[in-house]
Amino acid sequence: MWQAEVRVDLGAIRDNVALLRARTSAEVLVAVKADGYGHGMVPSARAALAGGATWLGVATLDEALTLRRAGIDAPVLAWLLSPGLPLHEGVTAGVELSAATPALLDELIAAGHRAGRPARVHLKLDTGLARGGATADEWPVVLEAAAKAQAGGEIEVTGVWSHFACADDPSHESVDRQLAAFHDGLETAERFGITPRYRHIANSAATLTRPDAHFDLVRVGVAAYGLSPIAGDTFGLRPAMTAHARVMLTKRVPAGQGVSYGLTYVTPRETTLAVVPLGYGDGVPRHASNAGPVRIGGTVAPIAGRVCMDQIVVDVGDEPVVAGDVATLFGPGTDGEPTADDWAAATGTINYEIVTRFGSSRVPRHYDGEIAW
Ligand SMILES: *Cc1c(COP(=O)(O)O)cnc(C)c1O
């Protein structure tokens with residue numbers, strides 16, 4: 001018996017990955033960072049592999065090591081590495097690591113010495129996002145250092161990669177510009193004798209809309225969890241996460257009753273209020289106050305008043321709702337319930353954030369779908 005839970009359909013993750021894999025001749029890496037976008041990192045990773053992913057991607061070294069400790073031996077790339085980390089632990093665990101500076105390459109060389117085997121490295125080029133990666137000016141310096149270390153058997157360059165800024169808007173001029181810059185960067189790498197097995201730049205959006213950006217590997221995140229990165233097209237993906245809770249109590253109140261902190265919602269008529277035990281301490285954005293849609297019984301209504309730390313209130317009118325009924329915040333949308341997209345629209349954010357906020361939260365996560373491994 002659960003009071004509130006996040007349900008994750010692992011079969012949906014597996015099927016979404018299989019669908020994505022069928023759209024490309026490249027290998028598929030599934031991003032399972034941030035606790036698998038809130039779906040649970042290790043179960044999501046296993047479902048992704050069952051769907052045909054051959055790589056997993058994470059931001060941090062810790063995330064990569066957690067996958068290894070869970071017994072997952074598929075190729076893993078970790079791409080968010082500040083100076084001074086115990087990178088040798090990653091090298092020993094066979095984790096591939098991203099680098100964009102000579103300083104990090106030096107750390108990777110040292111890590112390889114300590115691990116007794118060369119670090120496998122993906123060199124990152126900034127093609128226009130201006131986040132991680134070497135700028136076009138820095139790129140030859142990085143390549144020179146990498147080529148020298150590779151010639152000395154101190155690292156192995158297995159990838160060259162980059163990341164899009166605006167692939168969710170496929171007609172944005174920056175997509176072509178970044179793609180051209182990536183081609184240039186690959187040519188420069190070749191001049192330094194660096195011809196990596198994996199060239200990769202596509203995220204979910206580019207995987208779905210830009211086959212010319214697939215190269216040897218695509219990195220999908222949000223689409224694997226069944227959410228579309230592109231407004232207005234689901235691409236046949238199935239959302240994997242449902243967030244719901246059982247109504248704690250109901251009460252009948254008169255017209256003019258202010259509801260929740262600040263009394264920012266006032267009942268327009270005599271009505272029934274349902275108290276639902278999920279709040280911002282669980283991942284419900286406080287921005288969803290008076291906005292986030294909730295389905296209870298046959299009605300879908302916005303949250304009445306402010307989202308509290310542990311609870312929300314819904315005005316269900318004259319619906320015969322009783323304590324114990326299920327209140328669904330979002331799910332796949334196949335049964336009339338709101339979706340993460342609806343929540344994103346109601347709260348001024350993106351579907352990514354809606355699901356990821358439920359990662360590592362106090363709400364128990366339960367899994368549907370048998371994934372054999
Ligand atoms: C998170 C992430 C991805 C996946 O992005 P989606 O838009 O969710 O497909 C790909 N590459 C990098 C570097 C990332 O950080």
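Quick note: numbers below take in every heavy atom, side chains included, and nothing from hydrogens, waters or symmetry partners. Counting convention: from 1, in listed order, for ligands and their atoms alike.
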Item to check | Those protein residues which place at least one heavy atom below 4.0 Å from ligand 1 | outcome: Lys33, Tyr37, Trp79, Trp161, His163, Asn203, Ser204, Arg219, Val220, Gly221, Val222, Tyr352
Item to check | Flag if over 12 foreign heavy atoms under 6.0 Å of CZ, Arg114 | outcome: no
Item to check | Derivation of the side chain to side chain donor-acceptor pair (under 3.5 Å) call for Thr271 and Asp315 | outcome: CA-CA 7 Å; Thr271 190; Asp315 179 346; 2.5 Å; yes
Next on the checklist: Arg120 vs Thr158, test: side chain to side chain donor-acceptor pair (under 3.5 Å). Steps then yes/no.
Outcome noted: CA-CA 6 Å; Arg120 286 204 287 265; Thr158 47; 5.3 Å; no
Checklist outcome for this item: So OG of Ser162 and CD1 of Ile201: to nearest 0.5 Å the spacing works out to 4.5 Å
Checklist entry - Ring centroid separation for Trp161 and Phe215, is it under 6.0 angstrom? => result no
Checklist entry - If every non-hydrogen atom of Tyr352 is compared with every non-hydrogen atom of Pro229, which pair is closest and at what distance? => result OH-CB, 3.8 Å
